[in-house]
Each structure stands twice: as structure tokens, then as C-alpha cells.
Amino acid sequence: MSVLMGQMMERPLLISSIIDYAAAVYGDIPIVSRDAAGLTHRYSYRDASVRIARLAHALTGMGVKPGDRIATVAWNGYRHFELYYAISGIGAVCHTVNPRLFRDQLVHIFNHAEDRLIFVDPSLLPLVEGLAPDLSSVESVIVMSDAADMPESALGNILCYEKLLEGQPESIDWPSLDERAAAALCYTSGTTANPKGALYSHRSTVLHALGSVVGQDGWLRPGQVFMPVVPMFHVCAWGYPYACPLSGTAMVMPGPRLDGASLHDLIEGEGVTLSAGVPTLWYGLMEHLRKTGGTLTKLKALVCGGAAPSLALIQEIESHGVEFLHGWGLTETSPIVTTCLNSTLPENLTPEERQRYKLKQGRPLYGIDVKLAGEGGKTVPHDGESAGEILLRGNTVISGYYRDAEASEASFDEDGWFRTGDIGTLNAAGTLQLTDRAKDLIKSGGEWISSIDLESAVLGHPGVAAAAAIAIPHPKWDERPLLVVVPVEGQDVDKGSILDYLRGAVASFWVPDDIAFVDEMPLTATGKISKRQLRQRFEGYKLPTA
Ligand code: AMP
């Protein structure tokens, strides 16, 4: 069948086009960065584009070729932003590395990616120095610093970022790359096996940025000041370093200090109107406000994703007049897949029902198909009740892991849908609600208990600061929940009051068989509660009911 072709130009969707556009259209809009020492740096998208051009020339001068992997080990700051654009712009791959991973994982990641260069923040140089003897492909380490502040280092092949930029041309004609070329690489936090690489293309990155601007209720636009608290080493800070310049949104980069007091100070001082990060960080901010009686006079909305928020957190954030926006996604999905926004809530809900609805992960962005699969791949109805594994297909979803045939093989069904490992329900309106990770489910007497819902419920107890439910083997029920709880500092909470509280809040068979109090939760490298470490710690735990 012959098709009548459209008569439109075709230009590749390239990351370089985003910074060119921002410089031309939103040139005066600022990027503010705070560094490890607490110093503030200010410039504009126009200034950034000039330095990005200079950096791109410097990289080319160092022999960086299309397809080369160039690693960054850095916090959120303007130089990291420049690297995102300069590396990808010349066709190389910006490989962001999470400094919180274990040593073995880091060595594996650098060697597996075969990174040629490492760009590192001065405060993280000791980490790279410690790894250096085991890194097989790295030719040079570049410290993201000016000449005056260059730290001492035992490494021989060390260079200064600002020195590289000196004397380089201030503009560049970006190469017209294939839009499917690799642009950025990020490894999953790999809690069980070795980390696996998600290799984003220019096309997937630009489409994700466009989709996320549309899919966030117009929050990203000129006049808004966005602070990415989600790190730039974790799934490209959820794509915000692309979506912000694309939409003319100003940026405030918080550097390494992400405690409640530092975030509050930046939000108020720099007029941050919107921010995004994992729930742990927002618990920290709320705790700081509670302790100090602080208020949020500028912030209008908070995006929360990466782990399930509790109803108590949503309520506390909104009690400050800040709209709670919920998002879900994975490293493998660029990451944003769904968002739950005020505009998509059903009508006629009471204020409390609206907040409860926001526990749902929401609806998919344009271009991503979502379905549920039951055991043996059986179709699960989208009735808002039946749960199944969430499968995805779309332009911003990986088609395989980087150089990992085995992991790729295991992660797709026979029709090519990506298996997320998350379990959830979908209602008729296409709204997704996660109930668990496949490996975190608790199966009691053949019935599933959602650890996410149980945790969310118990966080409403005033004496509970953090909670995680894990499955403990049980002779009669196969598995029963153990609830691990961090009490609120200075509060005297006992098991009885928590169990009483839960009895009114969840189905009776969900009420945990025991509660274990701990001083703090083990966290993963991306700031989520590490259930794997909890399971190890409570291995062989004897439940009183067993
Ligand atoms: P990562 O690839 O490290 O970003 O982790 C992705 C995983 O984080 C997902 O598969 C989910 O299990 C979890 N996750 C992300 N967002 C949410 C959310 N909004 N609610 C619950 N879990 C989430």
C-alpha cells in the first residue's frame, strides 16, 4: 500500500537543541548553584550555553569521540549541568555515577562502561582516588574546580575543569547526530545483582523532557523556580535539567547539602516555587519545619517520587499551602512514567479524599502504554482492584540493558513489553496505584499484604518517624509481616499503641505479628529504605505468633 508522505522538514531531536533554544529564548533566566562550602554561584542559560560550547571544544580537543563514555561523579551544580550538554552535544555519552554506591559496584560500573574520563566534584575526589587502582579504562580525572581551589591529589593524571575551558571558542555548531545515538548512561542502584545500565538516546531524552513538561500541570514554565533535590547522578535528576531549560524554568541547584535546614534556607532565600525528590528528603524538610516552626512562603508545589509517600506526609506538606504532586518511574524509564496531579483528581472529593487519592501514582505521560500482567502472563482487568505486575512500552523505556544480554532477556515479555517488577492496580481512568515491589510482597495464607499500604497507614501514628514492613517466614501462614519502626525522637511509643492504631486502619490480617524498633533505617544509594538490608538483619527472626 502506498502512503502519501507529509511534506515537513525533519530535524533530529537532539539534546544540544535544548540548550540552544534556552539560550535564544530564555537567555536571562537564572541557574543558581550552592556548592559544598555553601558558596552561591549565579548565571543565566545564556552564560551556561557559552561555557557549554567552550567545554565541548575542550572535550573534542582531548580526543573525545562520539560514543565515548565520559563519567561524572558530582552533586547538583552548574558545572554538572554544563557536562550534561557538552558531552552529549558532541555525541559522547554522559555517564552519571552515584557516589553512594558500594566500592565494588562503583568499580564494576566504571569498568563495565569503559569510561575514558571522570569529571569529579572536589569533595568527591577522595572517593575516585580510592577506586583509581582498580579502574581499567580511565585516562584522566578532571576536578570540577577553578585553578585556585584545586585540591592536592596523589593521582598523576589530574586536570582542572576551569583550565580546560580557558581560551576555548565561545560558540559551537553542534554536529547533526542521529537522534537515536546514545546520549546518557545511568546504572540502576542494583540492590541484588550487579548494577545494570540504562542507555538513553537523544530522542528518548528530548521526548521525555517534552512529555514531562506537559505531564506536570504546567508547573514548569517561565516564572517558576525549580530546585532538583533528586540528584543529577540518579536518572538525570528525573530529566529536569532538560525539562527546565526547555520550558524556561529557572533552576536552583542545592549541591551536597540536602538536610531539612539547608533545603529550607535555599527555598526561602532563592524563592524556589517547585522542587522534586524522594519522600525521605521531604520527611526531613517537614521535621525541620516542625522543630523550628518554620514556614514555606515561596514554595507552591513539591514533586515526590522514587518511593511511596505516606498520607501523613501528603497532609503535612499540603498543610503548608504546598501542592503535593506524585510521580512514579524507574531508571529504565527515563524515569517519569505517571504523575498524579490536582487537575486529574475526580470531582466531588472531600479535601481528605483528595489527599488520599494522591497516594496513587497517577496517569501515564503521553507515549507510554501501561498494562498489568498476572501469573503466567495472564491479563489482569483494569478495574482498580485486581493487582498485577506493571508492564510498559514507549519511546522513553529501555529496549535492553547496556551490554547485559542476560538481564535484558529476563526483563521483557515475549511481546517486548518491559517488566517493571512493580505490582499495582489500574482503574478505568488509567490511574495506576502501586501496591508493592514484586520482591517485597508479603503473602499470608495465600492473600497478599501490601507493604506500601501498611507502611503508609502506620506513618499516620504520631510516634512513628519511619516504617518498613517485611515478610518473615511463618509455619502456618507462610509469611507474616514484621513492622520495623523508627520512633519519633524523644517520644515514648510502645508496640501496643501502634498495633491498636493499625487495627482501626487496615484489614485485620494485615496487622503485623510483631514490631521491631530501630534507631535508623538502612538506606539505598538513592535514599530509599533498603528492604534487602532489613531482610538480612532480621533473617531468622522469631515472630511471637510462630
Ligand atoms: P530507581 O530505578 O532506583 O529509580 O527505582 C525505581 C523503583 O522505585 C520503582 O520500580 C518503584 O519500585 C520505586 N518507586 C518509584 N516511584 C515510586 C512511587 N511514587 N511510589 C512507590 N514506589 C516508587
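Just follow the structure's listing: the first ligand is 1, and inside any ligand the first atom is 1. Only heavy atoms go into these numbers, but all of them, side chains included; no hydrogens, no water, no symmetry mates.
For the pair Glu316 and Arg290, the minimum side-chain heavy-atom distance is below 4.5 Å. Arg503 is listed as a side-chain neighbour of Val511, based on a closest heavy-atom distance under 4.5 Å.
Listed by number with element, the atoms of ligand 1 under 4.0 angstrom from any heavy atom of Arg437 are 9 (C), 10 (O), 12 (O). Those atoms of ligand 1 that come under 4.0 Å of a heavy atom in Thr331, given as number and element, are 1 (P), 2 (O), 3 (O), 4 (O). Residue His326 approaches ligand 1 through these ligand atoms, each under 4.0 Å from one of its heavy atoms: 18 (C), 19 (N), 20 (N).
Of all the heavy atoms of Leu434, the ones lying under 4.0 Å from any atom of ligand 1 belong exclusively to the side chain. Within the 4.0 Å heavy-atom criterion, the part of Asp422 lying near ligand 1 is the side chain and not the backbone. Residue-level proximity to ligand 1 for Pro309 is absent, since no heavy atom of it falls below 4.0 angstrom.
Taking only nitrogen or oxygen atoms, main chain and side chain alike, Trp328 does not reach within less than 3.5 Å of ligand 1. For a threshold of 3.5 Å applied to N or O pairs, the pair formed by Gly306 and ligand 1 contains at least one separation below that value. For the pair Gln361 and ligand 1, the shortest N or O to N or O distance falls below 3.5 Å. Where the criterion is an N or O separation shorter than 3.5 Å, residue side chain and backbone included, Cys304 fails it with respect to ligand 1.
Using a cutoff of 4.0 Å between basic side-chain nitrogens and carboxylate oxygens, Asp440 and Arg535 are scored as salt-bridged. The pair Arg354-Glu323 does not count as a salt bridge, with every side-chain nitrogen at least 4.0 angstrom from each carboxylate oxygen. Ion pairing of Glu455 with Lys531 is present here, as a side-chain N (NZ or NE/NH1/NH2) and a carboxylate O approach within less than 4.0 Å.
Between Trp238 and Tyr240, the angle of the ring planes lies from 30° to 60°, which puts this pair in the tilted group. Between His474 and Trp477, the ring planes are tilted. Angles from 30° to 60° get that label.
Aromatic rings from Tyr187 and His95 are positioned such that their centres are separated by under 6.0 Å.
Contact between Ala307 and ligand 1 is present, with at least one heavy atom of the residue lying under 4.0 Å from the ligand.
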